[in-house]
Asks: 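Before anything else, here's the structure in question.
This one's a predicted model, so the numbers in the text were calculated from it and none came from an experiment. Convention: sequence-line order gives letters A, B, ...; per-chain numbering from 1.
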Protein chains: 2
Amino acid sequence: MKLTSKGRYAVMALVDLARFDNINPVSLRDISLRQGISLDYLEQIFSKLKKNEIVKSIRGTQGGYVLNKNPNDIKLTNIFHAVDEKVKTVQCKKESKKGCNGKATKCITHNLWDELEVHINTFFENKSLKDLLNNNKETRV
Amino acid sequence: MKLTSKGRYAVMALVDLARFDNINPVSLRDISLRQGISLDYLEQIFSKLKKNEIVKSIRGTQGGYVLNKNPNDIKLTNIFHAVDEKVKTVQCKKESKKGCNGKATKCITHNLWDELEVHINTFFENKSLKDLLNNNKETRV
DNA sequence: ACATACCTGACTAAAATGGTCAAGTTTAGA
DNA sequence: TCTAAACTTGACCATTTTAGTCAGGTATGT
Ligand code: FES
Ligand code: FES
């Protein structure tokens, strides 16, 4: 079970953005340099973040991106959903009555994986961008 | 972030095994049929479970596998560790002072991912095979 | 002896990942 | 008005991982 770069970068980039967008729009080029993420890749990611109304874009010279919401209202859940980083622990289709392996009934571990999924998602729902901004000292206790 | 089949199957197979090994050793063939998992794949998995002393093997006709410990002492952590299903949320090497992207310092989201990793591992440490045996009714509340 | 079941290692097709590359459009500022 | 900065879009691709298969063993109860 591992986190993909796409999800990791999305959060990194947004934290960076949140720190600097009070003054000016932040260009992807700057984020790319500061965080060491490929510019082309960032563009893919921000395209999705924009579609999900997490950021706004300002075109042209001196343009860039700005947060579209209060950092407190941007949960990790929202970010991950935007870039298609989804938590998938079960193999089967949830809606269906059928289990994995094509059996007619859910497998013996289905409930376990479902619990796990909830457990992980809870973490994402309880973390907002705001939490990450004040975070540097706090977690160093 | 998704769970791999290897990890999922390992747990499924062990739950199946735990249910039946009171009477006789359980053959992989039986598990394969009951759970719908490829026999050849199961052999790979059980080879690792054996190396990690989670199961014992009994060769020859009427042979099979038996748990090597009390179900209560087999945590999901142990199973996942055995089959190399590891939780990896950070990109960097933990031991190193260096961050991901080869920077000299840990990135701005490092602590977050580290927290997440702990959060997930806690789940695995608190679940034993025993929990899964009584599980069918309980989770249906 | 022979069928059953464990054991081992090599191999591979398909999918996912983590990007790159190319060709735009928009707009601020000189 | 011209130009460079910066967003926009979509195709493309190399590498790695996944989820197995396959082919050959070896041990042992009956
Ligand atoms: S994971 Fe849902 S039925 Fe097996
Ligand atoms: S994840 Fe550890 S430094 Fe970025």
Asks: Name the residue from B:Lys51, B:Lys6, B:Lys48 that meets the salt bridge (charged side-chain N to carboxylate O under 4.0 Å, His left out) definition with B:Asp84.
Replies: B:Lys48
Asks: Does a donor on one side chain and an acceptor on the other come within less than 3.5 Å for A:Ser57 and A:Lys50?
Replies: yes
Asks: Working to the nearest 0.5 angstrom, can you tell me the gap between B:Asn68 CG and B:Lys56 NZ?
Replies: 5.0 Å
Asks: I'd like to know if A:Glu53 pairs up with A:Lys69 as an ion pair, taking the criterion as any Lys NZ or Arg NE/NH1/NH2 lying under 4.0 Å from an Asp or Glu carboxylate oxygen.
Replies: no
Asks: Protein-nucleotides 2-6 of chain C N/O pairs closer than 3.5 Å?
Replies:
unit_1, atom_1, unit_2, atom_2, d
C:dT4, O2, B:Thr61, N, 3.4
C:dC6, OP1, B:Leu28, N, 3.2
C:dC6, O2, B:Arg59, NH2, 3.4

Asks: Atom CG of B:Asn24 to atom P of D:dT30: distance rounded to whole Å?
Replies: 11 Å
Asks: Nearest whole Å is fine: how far is D:dA6 P from A:Leu17 CG?
Replies: 14 Å
Asks: How does protein reach along nucleotides 11-19 of chain C, written 5' to 3' as B (base within reach of a heavy atom under 4.0 Å), S (only sugar-phosphate), or - (no contact)?
Replies: -----SSBB
Asks: Give the rounded distance in Å between these two atoms: CG of B:Asp40 and C1' of D:dG24.
Replies: 11 Å
Asks: What integer distance in Å separates B:Phe46:CZ from D:dG20:P?
Replies: 15 Å
Asks: Could you give the CG-to-P distance, from A:Asp30 to D:dA6, as a whole number of Å?
Replies: 7 Å
Asks: Round to the nearest Å and state the distance from B:Leu42 atom CG to C:dT8 atom P.
Replies: 16 Å
Asks: Enumerate donor-acceptor pairs with a distance under 3.5 Å from any side-chain N or O in residues 85-94 of chain B to protein atoms, sequence neighbours excluded.
Replies:
unit_1, atom_1, unit_2, atom_2, d
B:Glu85, OE1, B:Thr4, OG1, 2.1
B:Glu85, OE1, B:Gly7, N, 3.4
B:Glu85, OE2, A:Met1, N, 2.9
B:Thr89, OG1, B:Trp113, O, 2.8
B:Thr89, OG1, B:Glu117, OE1, 2.9
B:Gln91, OE1, A:Arg8, NH1, 3.2
B:Lys94, NZ, B:Asp114, OD1, 3.2
B:Lys94, NZ, B:Glu117, OE2, 2.9

